[in-house]
Each structure stands twice: as structure tokens, then as C-alpha cells.
There are 2 protein chains.
Amino acid sequence: MPAKDVPDIVVSRLPLYLRALSFLAEEGLQVISSKELGHKLGISPAQIRKDLSHFGEFGKQGTGYNIQYLRDQLRRILKVTEEREVALVGAGDLGRALMHYGGFAGRGFRISLVFDNNPQKIGQKMGPFEILDSESIETIVADRGIEIAIVAVPAEAAQEVVDALVRAGVKAILNYAPITVKVPEGVHVQYIDPVIHLQRMTYYL
Amino acid sequence: MPAKDVPDIVVSRLPLYLRALSFLAEEGLQVISSKELGHKLGISPAQIRKDLSHFGEFGKQGTGYNIQYLRDQLRRILKVTEEREVALVGAGDLGRALMHYGGFAGRGFRISLVFDNNPQKIGQKMGPFEILDSESIETIVADRGIEIAIVAVPAEAAQEVVDALVRAGVKAILNYAPITVKVPEGVHVQYIDPVIHLQRMTYYL
DNA sequence: GCGCTTTTGTGAAATCTTAAACATAATATA
DNA sequence: TATATTATGTTTAAGATTTCACAAAAGCGC
Ligand SMILES: NC(=O)c1ccc[n+]([C@@H]2O[C@H](COP(=O)([O-])OP(=O)(O)OC[C@H]3O[C@@H](n4cnc5c(N)ncnc54)[C@H](O)[C@@H]3O)[C@@H](O)[C@H]2O)c1
Ligand SMILES: NC(=O)c1ccc[n+]([C@@H]2O[C@H](COP(=O)([O-])OP(=O)(O)OC[C@H]3O[C@@H](n4cnc5c(N)ncnc54)[C@H](O)[C@@H]3O)[C@@H](O)[C@H]2O)c1
């Protein structure tokens, strides 16, 4: 393991680079310069080079970066070379959209368990998933050794669900509920709230 | 209008403050200090005070901030005192979840138009919405004077949809498609891609 | 092979952001 | 009323991040 003490803001851009490179690879391109990539992403070329330099030397002077090679390196750095199992909690509208979403496969993730606490939903099939009782999060998620979860329950239930996931050993949580949750050291939480993004933009209107 | 040249990173935190204050107001609380609010959000008290100081003096020494008052001020600053109309493009799984989502009301937004390009969907009712032909984005969105849009179409279609929205006069776009789009100066774009968030966390696993 | 062009990787400089510190004011206490 | 406590708003310092600038390397044309 190289790369010690890389700023989180650098890490946060790597998935964007990876996404763009995968797209370019599918288009059949071989090579790209930091200038071109930066142009596509709205990021300065110097920033891209500096970010990558935290992890090694991946480019070739005068040419740029080999797209497939850099993509593979980023996958390795981000630890998404294999598909990781993800537990989803909340089989509502958003949960259903996430279950059907084809965009996880190939990018390192696979929803493999779905939980809800609604007795009418528990036991039902939703797509390829049987909805499990959220009471059993602690045992089942721990048994399977799952480290990643997506929370799509109402705000009121989010903290208790997160607590259960943490007890089950989950280390990374993507929370769609519009509330900040408390987790112990070492557990990572990311938030998605469309209203936050919209409000950030209305400021400028 | 006071508040000139506020850093965007400051603006990006205001919706978080607003969300927390609305939650606290609903719980019936009257007053909160920057220390308590910071604790709830995982943000330093000094940061909160500094951020707010860009826009005026909202607190009282020895006491803290009146929750309702500060919430109202933030709503004013973020320009979400009234509900703004939002156009949604893409009536797929995610689009349906967004249409049904109750979390826009009360936070400044209301989806009022839904577009798709699938002939089987156009004309159908989905909840309270009739799905409109995305060919008509330019005329209808412009006529209604809508400035905000949510894009929930496949990546391949995102740029063309965005282009149509921009021609219709839209100034703020929330893009769920996993691709960076090009927009002219003065048009704001925010992105939501759950995989980006997940990959950012797997780095630390 | 030899200039010419392109582009990387990287220190140094510039800019931006956060944190610390404190004077000031409001409140509570006695 | 005096004193202690609390918490803001702001200035100053520290820290983090981005940009700049350039030597070094690689490819290209001839
Ligand atoms: N629908 C959207 O487009 C959207 C967008 C952004 C954010 N969100 C947020 O995502 C979350 C889910 O949204 P939704 O629209 O799917 O809501 P929903 O009401 O359709 O679904 C919520 C699901 O969570 C389940 N649930 C409730 N408490 C639970 C518990 N303790 N354990 C397990 N399951 C529990 C419910 O039974 C229900 O099936 C909400 O917090 C919402 O604010 C939704
Ligand atoms: N479903 C999710 O949970 C999820 C999560 C994250 C991101 N996304 C992204 O959001 C987008 C939508 O996802 P989805 O799961 O709803 O996909 P979907 O295939 O279910 O829906 C896409 C919809 O867009 C419509 N469409 C296609 N081209 C169009 C055009 N040019 N104009 C108007 N409408 C058009 C299609 O007819 C379809 O109804 C995709 O880019 C996807 O990657 C989805």
C-alpha cells in the first residue's frame, strides 16, 4: 500500500476520473491528456496531475494517460476491482428504483440484501430480492460480512437503522434520509439529498 | 441585497443549516447555539458563525440563535421562501420515485412538469402528472418560466436534454445521469451519482 | 539524429478555507 | 448591583488546496 495521508478532497475526485475514463474506454479511445480530461470534467489539468501524483506516475510525457491502464489503477486505488455486496434498507419508492438500477454493476457494487420493517412488505419479492425483516439486519448483515449499506428509510427511522448497521459491522453508509446521523469513528457516511443541491443553486438565481 | 461575493463553499453549507433548523423548529425548540448546532452537524461552531456572518448578525450573545428567525433568514438568503416550480425529465424508476417524493414541499420546490420521450409513456398519467413529450420541453418550460430542472434520463440522453432545458431558459439543473454535461456560463449544474459516493468511501475500507 | 512540440510530475507561490482567540454583549446568579 | 458565565461576531493565525511554472521525457517530422 503506497499512498498514505492523501487529502479526502483528492479521494473525492478519483471516482469522477474513473467514471470519465470508463466512458472514454467504452468509446474506444486509447489515450487522453490531463488537459482533455480536465476539459471534460471542468477541472484544471494541473489538479488532475497533482491528484494522481499522490498515488504514483501513470502518464507518459508528450502523450498523456493510457485510458485503460489509468482506469485499472483507479479501480485498484478505490478498491472497486471486485463487486462488493451492499445492503439496502428501505423498500419504498426510492429503494425500488435503487434495486432496479443497472448502474451499480460494473462499478464495484451489487445490492444483495434488502430490508424493510413493514410487515406487508417483508417476505414479498421485489425484482430478484426477497424483502427481509429489518429486525434481522444485525445478524444477517454481520453473517455475510457486508461492509456497505444504503439507507432509504424515512428520516425518523434513519438513526436507528444506522445504529443497527453499525452493530452489524458496516463501515460505509450512503444515507438518503434528510438527516445527519451519528456514527462511531471509523464508520463513513455520505449523504444524498436532492433538496440540498437544489437550494445550493437557488442561491444564485 | 447585501452579501456579495460569498464563497460557494459557504453557500453549500447553508442548506444543511436550514435543514437542521427546520428539524429543530418542528421539535419545538426555540434557541440553539453554534456549539450545539455544530455538534449535530459535525461542523465546528466557529465555522457556523463565520458562515452566517457573511450575511448579517442573526444571533444574540449569551443566548445563541432564535431557531425560527434564523430559519426564516436562511430561507430568504437561499431564496426558497416560496415554492418554485421544477421540471422533471425522465419518467423511469427514479423519475417516479422523485414524483412521489414528499420531501420537496415545504423546502422550496414543487415538481410541476414531467417529460419523457417514450411514446408509450407520453400522455399517460403518473400520480398527479401527465407525462409530456420531451420534444416540447423548449416551448412549455419557457412558457411557464421555469428555471429549475431535474434530469433523470440515461447518460446517453442527458446532454441533449440539458441542451433543450438550457434553451428553454433553465438556470439550475440537478443531474442524476452519471455524466458531466456542458452548459453555458450562468447555468448551474449539480450532480447526484450514488456510485461516486460509494467509491469515495471504499477507498477507506 | 535533431530540432520542435507536447505533456507529465512536482516544487514553490498564491489563494482559499478553517480554526483559534478575544473583545463585547447578554444573561444568570447571588 | 456586582460577578460569573455563556456565546456571538470578528480579527488574526494556521492550515489546506489550487495554481503556476518549468525541467525532463517522449513522440513527430524531416
Ligand atoms: N423518493 C425519492 O425520490 C427520494 C429522494 C430523496 C430522498 N428520499 C429519502 O429517501 C428515504 C426513502 O424515500 P422513499 O420515497 O422511498 O420513502 P417511502 O416511504 O416510499 O419508503 C420508505 C420505506 O422505508 C420503510 N421503513 C420505515 N421505517 C423503517 C425501519 N425502521 N426499518 C426498515 N424500513 C423502514 C418503509 O416501510 C418504506 O417501505 C426518505 O428518507 C426520503 O426522504 C427519497
Ligand atoms: N434508478 C436509480 O436508483 C438511479 C440511481 C442513480 C442514478 N440513476 C440515473 O438516473 C437516470 C434514470 O434512471 P432510471 O433508473 O430512472 O432509468 P429508467 O431507464 O428507468 O428511466 C429513464 C427514462 O428516461 C426516458 N428517456 C430516455 N431518453 C429520453 C430523452 N431523450 N428525453 C426524455 N426522456 C428520455 C426513458 O423513456 C425512461 O422513461 C439514469 O441516468 C441513471 O443512471 C438512477
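None of these values were measured; they are calculated from a predicted model.
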*Asks:* For Pro45(A), which contact category applies under a 4.0 Å heavy-atom criterion: base, sugar-phosphate, or nothing?
*Replies:*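 Pro45(A): no heavy atom of the nucleic acid under 4.0 Å.
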*Asks:* Answer yes or no: does a side-chain N or O of Tyr65(A) lie under 4.0 Å from OP1 or OP2 of dG9(C)?
*Replies:*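 Affirmative; the distance criterion is met.
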*Asks:* Please confirm whether Lys79(B) makes a cation-pi placement over Tyr203(A), using NZ or CZ under 6.0 Å from the six-membered ring centre and within 45° of the ring normal.
*Replies:*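 So Lys79(B) does make the cation-pi contact.
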*Asks:* Under 3.5 Å, is there a donor-acceptor pair linking the side chains of Arg75(A) and Thr81(A)?
*Replies:*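 On atom types as modelled, these side chains do not qualify, holding no pair under 3.5 Å.
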*Asks:* Does a side chain donor of either Gln159(A) or Asp163(A) reach within less than 3.5 Å of an acceptor in the other side chain?
*Replies:*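 Note: Gln159(A) and Asp163(A) side chains meet the donor-acceptor criterion.
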*Asks:* Check salt bridge (Lys or Arg N to Asp or Glu O under 4.0 Å) between Glu135(B) and all other residues, then give those that pass, not counting sequence neighbours.
*Replies:*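 Expected list: none.
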*Asks:* Do Asp8(A) and Arg13(A) sit within salt-bridge range, that is, some charged N less than 4.0 Å from a carboxylate O?
*Replies:*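 Salt bridge flag = no for Arg13(A) with Asp8(A).
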*Asks:* Just jot down the ring pair (Phe, Tyr, Trp, His ring centres under 6.0 Å) partners of Tyr101(B), sequence neighbours excluded, or say none.
*Replies:*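 Once residues adjacent in sequence are excluded, the partners of Tyr101(B) under the ring pair (Phe, Tyr, Trp, His ring centres under 6.0 Å) criterion are Phe104(B).
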*Asks:* Please enumerate all protein N or O atoms sitting under 3.5 Å from an N or O of nucleotides 11-15 of chain D, with distances to 0.1 Å.
*Replies:*
none

*Asks:* I need the CD-P distance between Gln47(A) and dC20(D), as an integer number of Å.
*Replies:*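 Distance, rounded to whole Å: 12 Å.
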*Asks:* Any Lys/Arg nitrogen of Asp193(A) or Arg19(B) sitting under 4.0 Å from an Asp/Glu carboxylate oxygen of the other?
*Replies:*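 Looking at Arg19(B) together with Asp193(A), the answer is yes, because their closest N to O distance falls below 4.0 Å.
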*Asks:* I need a per-nucleotide contact map over nucleotides 25-30 of chain C, read 5' to 3'. Cutoff is protein heavy atoms under 4.0 Å; write B for the base, S for backbone only, - otherwise.
*Replies:* BBS---
*Asks:* For Ile67(A) and dT8(C), give me the distance from atom CD1 to atom P, rounded to whole Å.
*Replies:*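 Nearest whole value for this atom pair: 12 Å.
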*Asks:* Nearest whole Å is fine: how far is dT8(D) P from Leu52(B) CG?
*Replies:*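 It is 10 Å, rounded to the nearest whole Å.
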*Asks:* Please report, rounded to the nearest Å, how far the P atom of dT18(D) is from the CG atom of Asp8(B).
*Replies:*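 Roughly 13 Å, once rounded to whole Å.
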*Asks:* Which residue pairs pass the salt bridge (Lys or Arg N to Asp or Glu O under 4.0 Å) test when at least one of the two sits in residues 137-147 of chain A, sequence neighbours left out?
*Replies:*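 Checked against salt bridge (Lys or Arg N to Asp or Glu O under 4.0 Å) - neighbours excluded - the pairs reaching residues 137-147 of chain A are Arg84(A)-Glu147(A), Glu85(A)-Arg144(A), Glu138(A)-Arg167(A).
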*Asks:* Please list, by residue number, the residues of residues 31-39 of chain A whose heavy atoms come closer than 4.0 Å to an atom of DNA chain C; answer none if no residue qualifies.
*Replies:*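 Of all residues in residues 31-39 of chain A, the ones placing a heavy atom under 4.0 Å from DNA chain C are Ser33(A), Ser34(A).
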*Asks:* Any side-chain N or O of Arg49(A) below 4.0 angstrom from OP1/OP2 of dG9(C)?
*Replies:*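 Negative; the distance criterion is not met.
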